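Structure, as C-alpha cells:
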Amino acid sequence: MIQQIDYFVIAPPLALALVAGLVLLLDAFLPARPRTKPVLGLVTLAGVLIALAFVVAQAIKGGPSQSTFCVPADLAGPTRLCSFVADGFTLVFAGLVLVAAVVVVLMSMTELAGGGIPVGEWYFLLLCTLVGAVTLPASRDLIMLVVALELVSLPVFALTAMKRYDGRASEAAVKLFVVSVVSTAIMLFGVSLLYGVAGTVYLSRLAVVFSGQAPAPGLAETTALATAQSLPAVVSVGVVLVVAGFAFKIAAVPFHSWAADVYQGAPVPVAALLSVISKAAGFAGLILVLVAGLSGQAATWAPIVGVIAALTMTVGNLLAMRQRSAVRLLAWSSVAQSGYILAPLAVVAQGVTPRLAGGTGAFPAGTRSGAVGTSMAYLVIYAAMNLGAFAVVLLVSRTATRNELDDYRGLAFRRPAAGLALAFCLVCLAGLPPGLAGLFAKVFVFREIVEGGSGWLALIMAVNTVIGLYYYAVWTARLFTPPTAPVLARHRPTPTTWLAIGVALAAAVLFSIAPQLILDMTTLSAFG
C-alpha cells in the first residue's frame, strides 16, 4: 500500500523549508549590495508569517486531529499509529515558536545591519532551526522526535559561532556543541532501550506496552496480562536516560552549566532563540515522551522530574542573584523559569489509564489536564516576557559593549519607551502587578502542584518566587536611577528593533489582561 501524504498537515514546516532553500539561492545569485541584507530578512520574515498563517488555518479548520505518515489500518492494529499529528497541542507550540520567530527575525535584522556576519547563511540556519521546532511538537514517534530535536540544535552551533573573530562566540559554540552531543548520545541510548523492550517507536503504542495492557515484543516471557511493575529494570534505565537527555536541552539542573556562557557568547538574537524557541521545543518533546509515551512509568519519572524542578528553580535563582551582566542574568533566570515549567509535570500523570484506542487529545485518558495546560500556559507567558527583555537588551548592546546592569541606569529617562518596556517585562517575570500574567502563571503552577499532592515542591517554589523578586527588582530599580557617569553618544535604533520590542510587549500586555484565558486555551488544546 502506498502511503498518502497530507500536505496541508505538514504545510508549516514545509513552507519554512522551502523558504530556507529560497534564501540560500537568493544569497548565491543576488549581487552583493547593501540592499541585499534587508531583502533576505524580509523573505525570511515572509516565510515565517506564511507558516504562521498555515497554523492559524489548521486551528480554524478544527475538528479531529489531522495526521499524516500513518501506518495502514490493517497493519497498525487497534491503535492508530501516525508519525506526524497536527492537534491542539501541536498548534499551540507551533504558534508559540512562529510568533517568537517573528521577534527573533526582527532582532536578527538589527544584528546583521552592523556587518561581519554572513546574512544568507544566518537566515538559512535560522529557518532550519524553525523547521525542527515546528515539527517536534507534531512528532509522535521516537525517531521523528530525535531527528526534529537535533534539527533544532545543530544549526544553533553555527549561528552561535557566526560572530567572526569573537573568542567568546567560538567558545560558546564549542561548549554548546559538546553538551548537545553528549545529551543526544544519552537520549539515543535511552531510546534504544525503550525500543528494544517495546518493539515500537510510536508513542501511543509505547504507552500501551509500558502500562502493561499489551505484551512487550522485546520480552519473550511477557504476556498481555503483564503489569507495568513486571517490566525489567532496563525500562527504568531507559526512562531516566531519556529524561536526562531532555534535561540538557532545556538547561535543567544538574545539566545547566552551559547556559550562561553560551548565552553571553552568542549574538543576542541567538540567546533569545535559545531561551524561547529551543526551550519550547525541548519542553514539547519532554511532555510528549513522558505523558504520551511513558505515562505507564510515571512512578519512575514523576519523582525525578519533581526533584529536577526543585533544583532547577533554586540553583537558577541563586546564581541569578550574583550576576552583573544583563545577558547572564537572563540566562540564569531562564534556568529558574524552566524549574517552574517543569513543576506541574511532576503531578501530571496521577491516575493515568492509557487506552488501546487513545483519546481525542494528545495524551492518555486520566491525565491531569490542568498540569500539562499549566506548563504550556506558563511557557507561553514566559516566552513573551523574555523576548521583550532580550529585544531591549539588544538595543542597549549597540552602545554598551559589556552590557552590564549598570549600563541600564537611567534608561527610562534616556529612552522612555525601551525603559518602560523592559521594566514591564521584568515585573511580569517577577510575578508582580501590573504584570498580572506572570503573577497568575505562578499562581496556576502553585495551585496545580498543591492539588497534585506535592506540598514540598509548592513550598520550594514559594521560597524561590521570593528569591527571584530580588534580582528582578534590582534591575528594574536601575532603569529609574539617574546614571552616575556621563551618558555615551546615543545609538539610533533601527525600526526593526522597535518593532521587535513592540511585538513582544503587545503579547505581554495581552497575556496580562487575560491570563486565565491563556490557561483555558492551552488546557483545551492539549485535551480537546
Side-chain angles (χ1 to χ4, degrees), residues 37-38 41 45 99-117 122 126 159 163 166 168-169 263-277 323-331 333-334 383-429 435 472 474-483 485-509:
K37 292 181 180 180
L45 184 61
V99 172
V102 171
V103 179
V104 172
V105 171
L106 292 172
M107 294 171 64
S108 298
M109 295 172 73
T110 300
E111 181 75 21
L112 299 177
I117 297 178
W122 176 285
L126 177 58
L159 286 172
K163 190 179 286 187
D166 188 332
R168 291 186 305 175
Y263 279 51
Q264 188 175 28
V268 176
V270 177
L273 184 150
L274 283 169
S275 73
V276 176
I277 296 177
Q323 304 306 316
R324 295 295 177 266
S325 166
V327 175
R328 290 183 74 88
L329 189 150
L330 286 175
S333 165
S334 178
M385 316 309 173
N386 225 43
L387 284 172
F390 268 109
V392 178
V393 167
L394 175 64
L395 172 63
V396 175
S397 68
R398 312 302 290 176
T399 55
T401 305
R402 300 182 65 180
N403 208 348
E404 296 186 344
L405 297 185
D406 287 337
D407 296 323
Y408 292 80
R409 287 184 179 272
L411 182 64
F413 303 112
R414 304 196 309 270
R415 296 193 183 280
L420 292 176
L422 179 57
F424 182 76
C425 292
L426 293 176
V427 166
C428 286
L429 288 171
Y472 289 125
V474 168
W475 194 355
T476 304
R478 277 179 166 81
L479 301 176
F480 300 93
T481 303
V487 179
L488 300 177
R490 294 179 59 176
H491 171 75
R492 185 176 181 179
T494 62
T496 55
T497 306
W498 289 119
L499 192 55
I501 295 174
V503 172
L505 186 61
V509 172

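Worth knowing before you read on, the calculation uses all heavy atoms, side chains too, and leaves out hydrogens, waters and symmetry mates. The first residue of the sequence shown is numbered 1, and numbering continues consecutively from there. As the structure is a prediction and not an experimental result, all values here were calculated from the model.
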Please table the atom pairs, donor to acceptor, closer than 3.5 Å between any side-chain atom in residues 100-109 and protein atoms at least two apart or in another chain.
unit_1 : atom_1 : unit_2 : atom_2 : d
S108   : OG     : V104   : O      : 2.8
S108   : OG     : W122   : NE1    : 3.1

Please list, chain by chain and in numerical order, all residues satisfying side chain to side chain contact (heavy atoms under 4.5 Å, CB included) with [X], sequence neighbours excluded.
X	result
F413	none
A418	V392, L395, R415, W498
A113	none
S325	Q264, V327, R328

How long is the straight-line distance from [atom2] of [Y] back to [atom1] of [X], given to the nearest 0.5 Å?
X	Y	atom1	atom2	value
T476	L429	OG1	CG	9.5 Å
L479	L422	CG	CG	5.0 Å
K163	E111	NZ	CD	5.0 Å
Y263	L330	OH	CG	9.0 Å
C425	L420	SG	CG	11.0 Å
L387	L273	CG	CG	9.5 Å

With sequence neighbours left out, what residues match [X] under side chain to side chain donor-acceptor pair (under 3.5 Å)?
X	value
R478	D406
Y472	S333, Q337
S275	N386
T496	T110, T494

TODO: Please identify each residue that fulfils ring pair (Phe, Tyr, Trp, His ring centres under 6.0 Å) with Y408, with sequence neighbours left out.
DONE: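 With neighbours one apart ignored, the set is W475.
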- [ ] Please identify each residue that fulfils salt bridge (charged side-chain N to carboxylate O under 4.0 Å, His left out) with R324, with sequence neighbours left out.
- [x] none
Task: Closest non-hydrogen atom pair, A271 against A266 - done: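 Heavy-atom minimum between the residues: N-CB, 4.5 Å.
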Task: Contact summary for L405 and Q323, nearest pair of heavy atoms - done: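 Heavy atoms only, the tightest pair is CD1-O, 3.8 Å.
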